[in-house]
Protein chains: 2
Amino acid sequence: MEKEFEKPSVTVDIVIFTVFEKELKVLLVKRNIEPFKGMWAIPGGFVRMNESLEDAAKRELSEETGVKDVYLEQLYTFGDIKRDPRGRVITVSYYALVKPEGIKLSASTDVSEAKWFSISKIPKLAFDHKKILEYALKRLKWKFEYSLTAFSLLPEKFTLGQIQNIYEIVFEKKFDKRNFAKKLKSLNILKTETIEKNVSFRPPQTYSLKKDIKEVIEIL
Amino acid sequence: MEKEFEKPSVTVDIVIFTVFEKELKVLLVKRNIEPFKGMWAIPGGFVRMNESLEDAAKRELSEETGVKDVYLEQLYTFGDIKRDPRGRVITVSYYALVKPEGIKLSASTDVSEAKWFSISKIPKLAFDHKKILEYALKRLKWKFEYSLTAFSLLPEKFTLGQIQNIYEIVFEKKFDKRNFAKKLKSLNILKTETIEKNVSFRPPQTYSLKKDIKEVIEIL
DNA sequence: CCAAAAGTGTTAGTGATACACCCATGT
DNA sequence: ACATGGGTGTATCACTAACACTTTTGG
């Protein structure tokens, strides 16, 4: 570039969702440094020169949760002039869906603590992170309606009850069991697996997604 | 900020759509400078420190077309490391829908010419602009399906024929006149205006969007 | 009276919703 | 036997899609 203009900084922020304890959870970090020191925030960080936006998001995600097998989607880019008191910072937001198993939360340098919050009990957030979270939640619901993204919150093999629970938690309402099963089956995306009797009660039929469908979700 | 890291540059690119001559058109500019000198590209430019992303997009839009009354929506942020041979440039893409009346195309410093291209006759584009355009087109169609955004391509008062034409052009297929009218009317968004007999043949009923609906489209 | 676009209703099919009972298992 | 979640079918309603003729105007 011939001339050097003053440039904004660019960060990625990642709204990380999971579901456990019958609740939709978001990962927040407690800020260790100013501004907003001591306040909760959506995890994120500066984009390095040698990584794409998505790579930056994946790096942050892996640093925070240790998890790699996730659904990750770009949300929106927030660029108001005064959204960061330190100066001009543009943030490219992402949201991620991680399976609740095998997550290891780890704090990084800028952050003293990382914790899952129920979506119904979100504390006051730093920067414009409230707006970002609301946007993420809207997109999440929207996406669940017309895609199979929800399945990325479940293990390889799952039951109809599990996937219905996910939907009921995210949409905060009950669905009719029969209609739900009917619809899923009519989509022709399920492969029946062998039943395993592990816990108790009547053992449910387990399913997995057909191979080609799994690929669709990766791209989605 | 305590430390100064090397920062990427940030641009906005705007895919500007309109409809005339029974075709969906995109505005492209011919590049006056390297890289990709002489090639067609999506209009855009660097984000200034004192303007938000949306302001930057509006400024570019107004510089290119002289038009202010537009629908503008952020699309996606492209940040691959090598998308610009000059160095690290992250671009926040937008798309805009402008009414075909009263557009004044004007070339700027970096650009020798601005021209409308039919969506079916797009030349080879600079940078990753082909990808951006494809993304914009996908979003446009998607948006037309479940929102009233299409109306922002029409003047205040319009006929059912006009709006149906827009849909037929964008989706590249014919719709049944009766079903189309029925659906629109059932949405309860139309205000009937007085018929003006201007051209010839049987004069069509003109409509406008109800006031509260217009506001919805602004936000959409 | 001809050309051109506007206007208008009915039918069949498809997908969504509402609803209640029996089943398989572990304790 | 009972407690717990799993599994299944039918009837109604709403929405979508297919389809053709008459009307209004200008020339």
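In what follows, chains are A, B, ... by sequence order, proteins preceding strands, each numbered from 1.
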Whole Å only: how far is the CD1 atom of B:Ile163 from the C1' atom of C:dA6? 17 Å
Can you confirm whether A:Glu193 is buried at CD, in the sense that more than 12 heavy atoms of other residues, nucleotides or ligands lie under 6.0 Å from that atom? yes
Would you call A:Tyr207 and A:Lys191 a side-chain contact if the rule is heavy atoms closer than 4.5 Å? no
Check nucleotides 24-26 of chain D against the protein and report each pair of N or O atoms closer than 3.5 Å, with its distance, or say if there are none.
| residue | atom | partner | partner atom | Å |
| --- | --- | --- | --- | --- |
| D:dT24 | O2 | B:Arg202 | N | 3.4 |

Any chance the rings of A:Tyr71 and A:Phe151 have centres within less than 6.0 Å? no
Provide, to the nearest angstrom, the distance between the CZ atom belonging to A:Phe180 and the P atom belonging to D:dT8. 15 Å
Kindly indicate, with the supporting measurements, whether the criterion salt bridge (Lys or Arg N to Asp or Glu O under 4.0 Å) is fulfilled by B:Glu64 and B:Arg59. CA-CA 9 Å; B:Glu64 299 292 347; B:Arg59 177 175 52 74; over 6 Å; no
Below 4.0 angstrom, N of the basic side chain to O of the carboxylate: do B:Lys99 and B:Glu101 qualify? no
Donor on one side chain, acceptor on other, A:Asp13 and A:Ser93, under 3.5 Å: no
Do B:Glu73 and B:Tyr94 get their side chains close enough for a donor-acceptor pair, meaning under 3.5 Å? no
State plainly whether the residues B:Lys141 and B:Glu172 are in salt-bridge range, i.e. N to O under 4.0 Å. yes
Each nucleotide of nucleotides 12-21 of chain D classed B (base within 4.0 Å of a protein heavy atom), S (only sugar-phosphate) or -, in 5' to 3' order, makes ----SBBBB-
